[in-house]
Amino acid sequence: MALQFYGAEIGSRLMLGSALYPSPEILRRSIAASGAEIVTLSLRRETAAGRESAVLVSLIEEAAVRVLPNTAGCHSVKEAVTTAQMAREIFDTPWIKLEVVGEEDTLAPDPFGLVEAARILTEDGFQVFPYTTEDLVVAEALLDAGCKVLMPWGAPIGSGRGLNNPYGLRSLRQHFPEVPLVIDAGIGLPSHAAQAMELGYDAILLNTAVAKAGDPVAMASAFAKAIEAGRQAFEAEPMAERDMASPSTPLVGLPFSMPES
Amino acid sequence: MTVTVNGRPHETEAASLQDLLEELGFAGRKVATALNGDFVRASLRGETVLNDGDAVEVVVPMQGG
């Protein structure tokens with residue numbers, strides 16, 4: 001079945017962040033190579049941006065992708081809600097990637113603020129994509145607050161560690177089989193992304209792993225392949241793991257053995 | 001009066017948020033605004049009165065992850 005976020009059908013299971021690229025041109029080519037249909041953007045003070053913003057906006061418009069604005073860097077419910085409201089006006093979309101930072105070293109989400117902000121924004125008509133952890137209780141609370149997508153971390157933002165807690169992520173997938181789940185943050189390699197997809201995750205949101213690669217455009221393409229392969233593997237239903245060997249070559253008719261009676 | 005714009009003090013006699021944006025050269029540009037932490041939609045900037053000490057945020061799209 002096709003992937004849907006809030007009723008919007010999405011063809012590509014790779015979602016791409018737009019930060020940290022060596023140049024706008026490399027960002028443009030990375031988006032194209034990734035096949036992403038959704039690109040994340042943020043809002044910053046005008047004084048810090050200038051012409052850069054206009055270049056970015058026209059690049060994104062030409063790429064004809066859906067924009068998923070974020071509330072990155074917000075530490076309180078109030079900041080996140082106001083940022084989301086500003087983003088909705090600027091980008092003309094009800095979508096918001098909701099981040100409420102709870103801790104500086106890991107940039108771990110603040111689950112209490114996240115749930116509260118998600119509730120306020122949903123009541124205000126937003127379609128919230130919450131950046132969360134793999135915690136089942138928090139996930140339940142976010143769904144209860146009106147979220148119809150969850151975006152648990154693989155590992156801390158920008159760490160490139162892959163899936164820190166595969167058990168927890170598998171549990172989350174099994175517990176919410178019908179909810180679109182996106183791994184957001186912590187992915188470093190295409191193999192990490194493939195692993196998440198093999199677990200049954202619906203999509204991957206990447207940024208640093210592509211932007212900070214030696215060749216971002218080639219890495220974007222590598223991720224696209226890995227994510228597609230991982231999804232295909234999930235749909236093909238992987239074999240069950242076992243501890244002991246199980247011969248793959250048939251034993252019947254094995255030379256030098258005793259014939260079966 | 002003195003207001004802060006994006007964290008920096010700014011002397012102005014602008015009567016409204018809209019006037020302030022024009023004074024700052026943002027007229028016609030795609031920005032979003034907040035006053036004292038609350039979002040102010042574009043259609044309300046003209047009737048949003050500024051007071052001494054107000055904190056104004058003016059934001060634009062930027063790269064993000």
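The structure displayed is predicted, hence computed values, not measured ones. Quick note on labels: first sequence line is chain A, next is B, and so on, each numbered from 1.
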Exercise. Are any non-hydrogen side-chain atoms of A:Glu46 and B:Asn6 less than 4.5 angstrom apart?
Worked result: yes
For this session: Look at atom CG of B:Asp52 and say whether more than 12 heavy atoms of other residues, nucleotides or ligands are closer to it than 6.0 Å.
Result: yes
Exercise. Would you say B:Lys30's side chain and A:Phe91's backbone share a donor-acceptor pair under 3.5 angstrom?
Worked result: no
Exercise. So what's closer than 4.5 Å to chain B heavy atoms on A:Tyr21: side chain, backbone, both or neither?
Worked result: neither
For this session: Please check if the side chain of A:Ser53 supplies one atom and the backbone of B:Val60 the other of a donor-acceptor pair under 3.5 Å.
Result: no
Exercise. Can any side-chain N or O of A:Asn70 pair as donor or acceptor with the backbone N or O of B:Gly64 at less than 3.5 Å?
Worked result: no
Exercise. What are the two closest non-hydrogen atoms of A:Ile90 and B:Pro61, and how far apart are they?
Worked result: CG2-CG, 3.5 Å
Seminar exercise, completed: Of all heavy-atom pairs linking A:Leu43 and B:Val59, the shortest is CD1-CG2, 3.8 Å
Exercise. Which pair of non-hydrogen atoms, one from A:Thr40 and one from B:Gly65, has the smallest distance, and what is that distance?
Worked result: OG1-C, 3.2 Å
Exercise. More than 12 heavy atoms of other residues, nucleotides or ligands under 6.0 Å from OH of A:Tyr6: is that the case?
Worked result: yes
Seminar exercise, completed: Checked A:Leu16, A:Val81, A:Asn207, A:Leu20 vs chain B; the most non-hydrogen pairs under 4.5 Å come from A:Asn207
Problem set entry | Note, B:Phe39 side chain near A:Glu89 side chain (heavy atom, < 4.5 Å) | yes
Problem set entry | Segment of A:Glu79 engaging chain B (4.5 angstrom heavy-atom cut-off) | neither
Problem set entry | Backbone N/O of A:Ser42 and side chain of B:Gln63: donor-acceptor pair under 3.5 Å | no
Exercise. Crowded around B:Arg45 CZ? As in, over 12 foreign heavy atoms under 6.0 Å?
Worked result: yes
Seminar exercise, completed: Cut-off 4.5 Å, heavy atoms of chain B, and the answer for A:Leu41 is both
